[in-house]
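Each chain gets a letter, A, B and so on, in the order its sequence line appears, and its residues count up from 1.
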Amino acid sequence: MRGRDKRCDAIRSTGRVRIFPTKLLKHGEPMSEDLARPTPLAPAYDPAQVEDTWYAWWEGRRLFHAEPDPTRKSFTVVIPPPNITGMLTMGHVLNNTLQDVFVRWHRMRGENAVWIPGTDHAGIATQTVVEKALKKDEGKSRHDLGREEFLRRVWEWRGKYGDIIVRQLRKLGVSCDWDRTVFTMDPELSVAVREVFIRLYRKGLVYRGKRIINWDPVSHTALSDEEVVFKEQQGKLWHIRYPVMIDGRPSTDAFLVVATTRPETMLGDTAVAVHPEDERYQKYIGHTVFLPLMEREIPIVADTYVERGFGTGVVKITPAHDPNDFAVAERHGLPRINVMNVDASINEEGGVYAGLDRYDARARIVADLEVGGFLEKIEDYTHSVGFSDRTDVPVEPYLSDQWFVAMQSLAEPALGVVRDGVVKFYPERWVKTYEHWMTNIRDWTISRQLWWGHRIPVFYCDACGWQDALQEHPAACPACGVGGVRQDEDVLDTWFSSWLWPFSVHHWPKDSLDLRTFYPSSVLVTGPDIIFFWVARMIMAGLEFMPDIPLPDGSPRTEAKDLVPFHDVYFTSIIRDEKGRKMSKSLGNSPDPLDVIAEYGADALRFTVAYLAPLGQDVLFSTKKCEIGRNFANKLWNAGRFLLMNKEKVEADGWSFRDGAWHASDGSVEPASADMPLEDRWILSRLHETTAALHETMDKYRVNDMAKALYEFVWHDYCDWYIELIKERLYSNDAGVRRETLARALGVYDAMLRLLHPIMPFITEEIWHKVEPGREEASLMTQRLPEADHAVIDASAVMEMTFLQSLVEGVRTIQGEMNVPAGKTCDVVINCHDESQLRVVRENTHFLERLARIGAIDAAVGAARPRLSASTVVAGADVFVPLEGLIDITVERQRLTKEIERVTGLLKGIDSKLGNAKFVGNAPEDVVAREKEKQSSFRTMLDKLHTNLQSLEND
RNA sequence: GGGUUCUUAGCUCAGUUGGUUAGAGCGCUACCUUGACAUGGUAGAGGUCACAGGUUCGACUCCUGUAGAACCCACCA
C-alpha cells in the first residue's frame, strides 16, 4: 500500500466528511484559521446528506407530474413494469437511469415530459412466493385455502411488499409521474385485458387447442418457455428393438431399433417414424411394428423431421410427451396417449406400470425390455434436459388443453412498421432478430394453470353447452336461462397484460385526452432478451387496438406512426460482473444497488453506469467502478466550492449575484464588459462545442458519449485549465476584475449544472440552489437546457489556447524529466515562429508563468538558444529552458534523440505518401493538402531538433 | 444446427460514413500539501489494434477465411 493511502485510511476511519492534510493531524495542532473558516460547501461531497431530501422536495412539489397539453410537444416514456416481487438490481439501475436521463433531458428542453410508472403482477413469480410463505408459516398449500382465500392472501402480500421496488427506484432519483402509477391488475387495466381477449375471441383469433407444454410435476403448473433452464446431463441412450409385424404377428428377426433417452415414454408410443428418403427403411413405410411391453401394433410413418444420421434413424413417436412427436402426430393423424398423472407418475394408460414414478418406471421398463430381449444396447449420452426454474426438477412435456392467440395476421403489420422504420431500433441490428422471429412466428399460448392473474373471461353453461367471452360473469346462462354459468379455471399469461401496457396505462379502452396525447410514447427502454415476449407484441397490440382512439384534435388515428406504441426502442446493455458472468441471485455476484447508493451516492452510480454503457454492448460492472462517478461528482462539487468561496468574498463588499449578474448595494446592475480575455472566449467556445455535441449524442441515444463529453469538459477544460487560468484575475487588486471574472466563471458553471442535471440530478440541484439566492422555490429540473450557439465559438481563441497549453506542457515535461524541484521556477526563452505567435506569447506570459512555474520569459522571433538549455519544439517555436547546474546532458540528449527518431519516422511515412503519384492523384485534395502541411511542419520541427541537439553537444 | 456480436495498453473499454502522431479510466513509476479538490495535481512507462489473406493511393475501420469468447433462437429422439 502506498503512503498516501495509508494516511487516508487513518483519516477515513475517523469519519468521511472532512479529510485534512496529515501534517496537521499528526502534529496535533489545532486547525489553521484558514481551514477552519466555514465555507458554503463541505470539502467532500456527501450524497447521503442531500439525496433523500431533494427527492422528497421534488416529489412533494409534484415536479414530475405532467398534464396532457396538445399544444406542446410531448415526450412520453412508459416504464417496463418491474415485478411486484422484484428487488432493485443493477439491470433496473441501468434501465431506469437511461429512462430518467432521457426524460429529464427532454423536460429541460421544454417538452411536456411524462414518465409513467407501474408494476407487473408477475403471475408465476408472485404465486410461488406467496405459496412458499404459506407453506412455511402455516404449512398449507393454496388448495387448502381455496381459490378465493388464496387470492385474498396474494392481494394482502402485494399490499405489503408489492411496492418495495418502486420505493427503491426513488432512491435512484427517477422522475416518474407517481400520480399516474398503475398496476397490471388494477380494475381498469383488467377491463382492458378482458376487452382485448373478447375482441380477439370474436375475431376468431383466440382459440382453444391441445398442446405440449412445460409441466412442473412438483408445483403442478405449466411453465413458460422462459422459466425452463436447460442443463447438461449425463444420461443414457437406450436402443430398443421394435419387431416388425409380418402377417399379423411380430417378426422374430426383423426389428426397427429406436434410440431413446426416455424409455418410459414408450408406453405412450403411437408410431415409429423414419425419414421418407432413408433407403434402409423405405420398404417398411406403411407397415406396422409391435410395441414391446404394451403389445400394441403401431404404424411406421415417414416424416422429414427424422434425422437420418442420428441414432438409428428410427424415432419412436410419443405424441403426448414430446412436442416434436406431437407435431408428427398432427401431420399423420396419430392418436395421442397421455401416460402420466400431474405428478409425473404413470397413469392407468401405462398398464402394469401405473402408479410408478417416472424414474422408477424407467428402471422397471428397461429391466423388462432386457428380459424380453428387446434391448439392443445402452450407450452413455450427454444431452440437455429442461429443469424448472422454480423447483429445480426436470420439466415434463405434457399434453394439455390451452388457449392460444393466432399470431400470423397480427405479426404481418407489426413486421412492416419496423422494416419501414416507423419504429426504430437502437442499435439497429436487433431488426434482424425481430424479422426472423416475426416471419417464423408461432401461435401464442396464453393460458396458465395458475390462480394469480387475469382469469380467462370465458364462460360456459354445462346445461346447454353455451360458451362466450364476456366482461362480466353472467348470473344465469344467456342462452338457456337455466344453467348456472362457470368461468374458465385458467388465468392469462402475464405477458397478455404486458402487451397492452403502452395504452392500458392510460386506461384504454376508455378514450381520454391523456390517451390521445401521451400515446404513442417516445422511446421504450428495455432489454433485448424480451424483444419477442414484449416488444414485438406491444407493436402488434398498438396496431390492432389503437385505431379506435382519435388523435388529440379529434381526427381519426390512421397512420402507422400514430398507432405504434413507441417510435424508438433503446435496447440496453446486459450488466455483467467483472468476470463477464451475468448477474444473478444464485451466483451472488450482483451487488445490491442500495448498498452502492449508500456508499457512493445515486448520482455516482447513475453517472458510472451511463458512462460505462455504450449502446448495445454488454457492461462489465463492479462496485469499485463507481469511483468514476463519485470522483467526478466530487470534482464538480469542489469546483463549485471554489467559486462560492470567491463569491462570498465579493459579497462581503456588499455585492449580490442574481440572474447571472452582479448587483451593487444601491440596486444597480454591473454590466458585463464586451471584451473578453482569451481564457473566457476559449471556455465559452468549448462550452458551446460541448453543448452541440451533447445534443447530437442524445438525439442518437449515445448516452455514454454524452457522459464522456461532459466528463471531459468539466474535468479537463473547466477544472484543469480554466479555473487555474482565472485564479490570477480572481486574486486581482481590481474588484471590478474580480467580479467580472467570477460572473463569467459562474455563468459557465451554471450551464454545466444544467447539462449535467439529467444524469446527476441530486448534486446539481444541491449546488444550483447555493449558487444564487432566491432559488428556494425554483428547481433546476425545470430550467431550460443551454442550446449551442455556433456564433460564440471562436476558432482563433481555441487555436491560441491550444498553443499555450502545448507550451505549458512542453516546459512541464522538461522540468519533470530534469527533476527541477517543485518549488523552483525556470526562466524560458522562446524562439517564436512568427510575429503573431510572438504576440500570443507576449499577451499571455502570465499564464505560462503561473501554470508551468516559469520565472522570466524572453520571447522573440529569432531568439538565440542559451547555453546549457533543454529544449522542445512546439508549433514551430523553439522553447529553451536554460538549466545551468540542473541539466543532465545525457537525459536531454536521450530525449532529443528519441524525439528526432519519432519525427523522422512520421516524416518518412508522409514523404513516401506524397512521393506516391497514385496517392497524390487519387486522394481528395484536402487530404493531400493536410499531408503537405504536416510534411512541412515536421520538417521544420526536425531541423530545429537537430540544431538543438547539435548545440547541446557543443555546450 | 441457425442467427447476432465481440477480440484495441497489465485490467475495463471508447474509437459514428476508410486519411488521428490510435485515446480514456483504473492500475503502474517518479515527483508534489501551491488558498476548490489526495475522491487531488504534474510528468512518465505501456499497444506490430486476435491471426492470415484480399480490396484500396491509403485499413483499427470494408470483404473473405482461421482461431478464441459471449449471447439469442431451434434443440437430434
Side-chain angles (χ1 to χ4, degrees), chain A residues 4-5 7-8 19 21-24 34-35 39 41 43-45 230 237 258-262 273 305-307 309-312 314-318 322 324-325 383-384 429-430 432-433 436-437 440 528-529 531-532 574 576 578 580 582 600 604 611-612 614 616-622 624-625 627-628 630-646 697 700 702 704-705 708 711-712 719-720 723-724 727 731 809 812-817 819-823 852-853 902-903 905-906 909 913 916-924 926-928 930-931 934 938:
Chain A
R4 175 177 105 199
D5 291 335
R7 290 200 300 265
C8 293
I19 296 173
T22 319
K23 260 189 210 159
L24 292 175
D34 213 20
L35 276 167
T39 55
L41 303 178
Y45 172 57
F230 283 88
L237 199 54
V258 301
T260 181
T261 52
R262 302 209 50 201
Y305 151 68
V306 180
E307 195 81 23
F310 187 86
T312 59
V314 184
V315 182
K316 60 192 274 302
I317 300 298
T318 321
D322 182 284
N324 292 304
D325 292 6
H383 61 136
S384 59
R429 66 185 145 87
W430 292 106
K432 275 193 177 178
T433 312
H436 181 256
W437 193 70
N440 297 289
D529 48 332
I531 184 168
F532 308 134
I574 293 170
R576 302 172 176 284
E578 310 98 305
K582 231 172 168 166
Y600 293 94
Y611 181 90
L612 289 176
Q617 280 319 120
D618 290 353
V619 172
L620 272 62
F621 180 86
S622 68
K624 191 173 180 293
K625 285 188 173 166
E627 288 180 8
I628 299 170
R630 183 200 58 187
N631 293 357
F632 182 58
N634 192 241
K635 192 73 181 174
L636 178 72
W637 179 261
N638 274 293
R641 192 167 150 252
F642 174 72
L643 296 180
L644 293 185
M645 283 166 73
N646 283 283
T697 55
K700 290 187 271 187
R702 300 188 64 106
N704 68 318
D705 286 346
K708 280 188 176 115
Y711 186 92
E712 182 72 18
C719 294
D720 285 354
I723 287 189
E724 293 309 318
K727 275 179 179 169
Y731 304 143
E809 281 162 357
R812 279 176 183 166
T813 301
I814 290 171
Q815 289 169 330
E817 301 262 336
N819 286 319
V820 174
R853 291 148 44 207
R902 192 178 68 92
V903 178
L906 289 170
K913 243 189 206 177
N916 184 343
K918 284 183 180 173
F919 171 74
V920 180
N922 290 328
D926 59 313
V927 173
V928 178
R930 214 182 320 148
E931 291 300 314
K934 274 199 261 176
F938 284 142

Quick one: which of B:G15, B:A36, B:U4 gets closest to the side chain of A:Lys432?
B:U4
Whole angstroms only, please: what is the CG-P distance between A:Leu636 and B:G40?
14 Å
Identify, between A:Asn634 and A:Asp325, the residue whose nearest nucleotide on RNA chain B lies closer to the 5' end.
A:Asn634
Pairwise C1' distance, B:A59 and B:G18 [rounded to whole Å]:
6 Å
Rounded C1' spacing from B:C60 to B:G15 in Å:
8 Å
Between A:Tyr600 and A:Ile628, is any pair of side-chain heavy atoms under 4.5 Å apart?
no
Using the C1' atom as the reference point in each nucleotide, state the distance between B:A67 and B:A14 in Å, no decimals.
25 Å
Between N or O atoms, less than 3.5 Å apart, protein on one side and nucleotides 6-9 of chain B on the other: list the pairs.
none

Regarding the side chain of A:Tyr711, the nearest nucleotide among B:G25, B:U16, B:A77 is B:G25
Closest to the A:Tyr305 side chain: B:A77, B:G41, B:C72?
B:A77
Distance-only donor-acceptor test (3.5 Å): side chain A:Arg429, base B:U5
no
The nucleotide from B:U42, B:C76, B:C26 with an atom nearest the side chain of A:Lys624 is B:C26
Send over the distance from A:Gln815 CD to B:U42 C1', rounded to a whole Å.
10 Å
Using whole Å, what does the distance between atom C1' of nucleotide B:C13 and atom NZ of A:Lys625 come to?
7 Å
Using the C1' atom as the point on both nucleotides, what is the distance between B:U42 and B:C37, in whole Å?
15 Å
Look at all strands and tell whether A:Tyr731 reaches a base, only sugar-phosphate, or nothing, counting heavy atoms closer than 4.0 Å.
sugar-phosphate
C1' spacing across the pair B:U55 / B:G1, given as an integer number of angstrom
32 Å
Produce a footprint string for nucleotides 17-23 of chain B: one letter per nucleotide, 5' end first; B if the base is under 4.0 Å from any protein heavy atom, S if only the sugar-phosphate is, - if neither.
--BSB--
Taking only side-chain N and O atoms of A:Arg702, does any of them lie within less than 4.0 angstrom of OP1 or OP2 on B:G15?
yes
Between A:Asp529 and A:Ala259, which has a closest nucleotide on RNA chain B that is more 5'?
A:Asp529
Using a cut-off of strictly less than 4.0 Å, decide whether A:Asn324 has a side-chain nitrogen or oxygen near OP1 or OP2 of B:C75.
yes
If you measure from the P atom in B:G10 to the same atom in B:C28, how many Å do you get, rounded?
15 Å
Test: A:Lys635 cationic atom under 6.0 Å from A:Tyr711 six-membered ring centre, within 45° of axis
no
Integer-rounded Å distance: B:G44 C1' and A:Ile814 CD1:
15 Å
Taking the same atom, C1', in B:G44 and in B:A9, what whole-Å distance lies between them?
14 Å
Could you tell me the separation between the CG atom of A:Asn638 and the CG atom of A:Leu643, rounded to the nearest 0.5 Å?
11.0 Å
A:Val306, nearest nucleotide to its side chain (from B:G25, B:G40, B:A77):
B:A77
If you look at every strand shown and take non-hydrogen atoms under 4.0 Å, does A:Asp720 touch a base, only sugar-phosphate, or nothing?
sugar-phosphate
Using a heavy-atom cut-off of under 4.0 Å over every strand shown, decide if A:Glu809 touches base, sugar-phosphate, or nothing.
sugar-phosphate
Can you measure A:Asp705 atom CG to B:A14 atom C1' for me and round it to whole angstrom units?
8 Å
The side chain of A:Asn638 lies closest to which of these nucleotides: B:C37, B:A43, B:A77?
B:C37
Quick one: the dot-bracket string of RNA chain B, using Watson-Crick and G-U wobble pairs with both distances under 3.5 Å, [ ] for crossing pairs and | for bases paired to another strand.
(((((((..((((.....[...)))).(((((.......))))).....(((((..]....))))))))))))....
Looking only at atom P, what distance separates B:U17 and B:C62, rounded to whole Å?
9 Å
